[in-house]
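In what follows, a structure is listed as structure tokens, so that the remarks can point back to it.
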Amino acid sequence: MRAALAGDEAAYGRLLRELTPFLRTIARSGLARAGRGTAEAEDIVQEVLIAVHTKRTSWIPTEPLVPWLRAITRHKLIDHLRRRGGTGHVDIDDLSEVIAAPSDEPGIATRDVVKLAEGLPAGQKAVIHAMFVDGKDTKDTASALSMSEGAVRVALHRGLAGLAKMLRGTV
Amino acid sequence: MTNGPMKTDDLVAILARDAAATGPDIHRRLATAFAVAALAAVALMVPTLGIRGDIAAASTGMLFPLKILAVATLAVGAIALVRAASRPEAELPRGVLVVPVLVLLVALGHEVATQVPANLSARMIGRYWGVCLVAIPLLGLIPLAAILAAMREAAPRHAVRAGALAGLAAGAIAATAYGLHCTDDSPLFVVVWYGIAITILTGLGALLGRRLLAW
């Protein structure tokens with residue numbers, strides 16, 4: 001995480017990938033305890049990853065990382081349950097079935113973030129689309145959109161912050 | 001994968017590309033904000049209201065030093081609370097608020113012991129309570145803005161509470177600056193009018209916190 005805060009992309013990517021199963025476990029057990037289906041777990045994992053990203057300077061580098069991560073995950077889990085609380089349609093039978101037969105593709109969220117990105121300003125939308133849907137890297141995105149790489153990074157950063165806001169607003 | 005639901009691995013890949021070096025951590029950002037807040041409050045107070053003319057004489061008494069000590073320790077306590085509230089995993093050090101309360105109790109004891117009861121209500125109302133109620137909230141606006149701006153990077157567990165604590169810190173900083181001008185030194189005056197003024201900023205902070213600090 002210290003390397004990540006210093007801007008080391010490889011270390012940061014590795015950290016986030018290693019964190020994901022841990023976050024998934026917390027999200028699933030939290031949902032199960034709330035009597036909810038674990039199908040929503042991946043949405044929570046993704047919200048937590050975005051929160052870890054946008055709030056990463058609220059971790060103090062001299063403090064242990066795990067309590068901070070737990071607190072971020074807990075906050076997003078509570079937030080998620082509160083927002084969806086009114087539409088509780090998952091009963092216990094559903095739940096046991098989900099636990100017995102976990103999805104083959106645990107990495108897929110039920111929400112469509114690409115559609116959500118439609119609400120972003122045009123420049124940010126284009127960058128997110130190029131990098132996310134077309135899988136381009138920063139350099140190719142920059143040349144495809146005739147932007148500097150710095151401008152791509154800024155647009156990506158703002159676009160992610162915007163997505164985080166929208167995720168909070170969606171039900 | 002066009003228009004399908006998002007895969008977590010892809011999200012991680014995108015987030016990692018946004019790994020540009022971050023600025024200082026939240027404690028450092030807040031330290032800068034508190035310095036700006038204190039400087040702004042004093043820099044605004046000195047040319048407009050001015051430091052009281054008899055500050056040297058007042059400093060040798062009991063009540064003026066106790067007044068400054070009470071609001072200054074409240075500011076220090078509120079700063080500690082804001083620092084903790086900005087981190088999702090930190091517990092609030094509630095005990096810090098005991099210090100200003102004790103200082104006020106000592107001052108109130110001194111007041112009751114040295115004044116005839118008939119004077120107490122006049123000393124509570126004081127001379128310039130109107131100025132106090134307007135000046136402290138105004139002096140606290142820049143501090144509140146500076147603290148809330150730093151807290152946009154924070155991850156508070158409760159946005160409203162974090163905003164209220166930012167307002168409390170801004171109010172206590174502004175009250176300390178105003179206290180250097182104000183000649184109403186009775187702790188009764190401080191509890192009532194400083195209390196109301198700081199509460200106004202605390203409420204404003206809570207309102208703004210709900211909008212600005214949720215994540």
Side-chain angles (χ1 to χ4, degrees), chain A residues 4-17 19-20 24 42 45-46 49-61 63-64 67-72 74-75 79 105-115 128 131-135 137-138 153 156-157 160 164-165 168, chain B residues 1-33 80 82-93 147-162 166 209-215:
Chain A
L5 291 177
D8 181 339
E9 282 189 24
Y12 191 42
R14 207 158 54 235
L15 170 83
L16 292 179
R17 265 189 300 279
L19 281 181
T20 303
R24 197 172 281 137
E42 211 56 29
V45 169
Q46 296 186 356
L49 284 168
I50 291 176
V52 164
H53 182 69
T54 55
K55 293 294 183 182
R56 63 198 190 279
T57 54
S58 75
W59 174 62
I60 309 297
E63 297 287 327
W68 179 82
L69 277 172
R70 277 189 190 285
I72 296 268
R74 190 167 173 273
H75 184 86
D79 191 41
E105 283 258 51
I108 296 181
T110 60
R111 203 189 292 112
D112 186 345
V113 171
V114 174
K115 271 192 193 137
I128 297 256
M131 298 183 88
F132 180 60
V133 180
D134 304 337
D137 63 14
T138 315
R153 287 210 177 85
L156 175 62
H157 185 75
L160 288 171
K165 258 196 194 129
R168 218 172 63 223
Chain B
M1 195 191 62
T2 47
N3 275 342
M6 176 165 61
K7 287 198 72 169
T8 301
D9 292 346
D10 296 331
L11 175 67
V12 166
I14 290 196
L15 294 178
R17 275 189 218 148
D18 189 35
T22 60
D25 67 46
I26 187 68
H27 277 180
R28 285 163 196 266
R29 280 172 211 267
L30 283 171
T32 309
V82 167
R83 277 165 54 94
S86 295
R87 294 168 47 209
E89 82 278 28
E91 293 301 322
L92 292 185
I147 297 166
L148 285 176
M151 287 179 89
R152 302 289 304 258
E153 300 269 333
R157 257 183 275 177
H158 304 285
V160 173
R161 186 172 73 185
R210 197 167 71 161
R211 285 185 56 88
L212 300 177
L213 301 180
W215 55 284

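Numbers restart at 1 for each chain; the letters A, B, ... are given by sequence-line order, proteins then strands.
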(Q) Salt bridge or not between A:Glu9 and B:Arg17? Use side-chain N to carboxylate O under 4.0 Å. (A) no
Q | Part of B:Ala154 lying under 4.5 Å from any heavy atom of chain A | A | backbone
Q. If you count heavy-atom pairs under 4.5 Å with chain B, which of A:Val45, A:Ile60, A:Val52, A:Thr20 comes out on top?
A. A:Ile60
Q | Residue, of A:Arg153, A:His75, A:Arg17, that accumulates the most heavy atom pairs under 4.5 Å with chain B | A | A:His75
Q: Using a cut-off of 6.0 Å, state whether more than 12 heavy atoms not belonging to B:Arg210 lie near its atom CZ.
A: no
Q.
If you count every heavy atom of other residues, nucleotides or ligands that lies below 6.0 Å from A:Arg74 atom CZ, does the total exceed 12?
A. no
Q. Which pair of heavy atoms, one from B:Ala90 and one from B:Ala84, lies closest together, and at what distance?
A. CB-O, 3.5 Å
**Q.** Contacting moiety of B:Arg29, where chain A heavy atoms sit under 4.5 Å
**A.** side chain
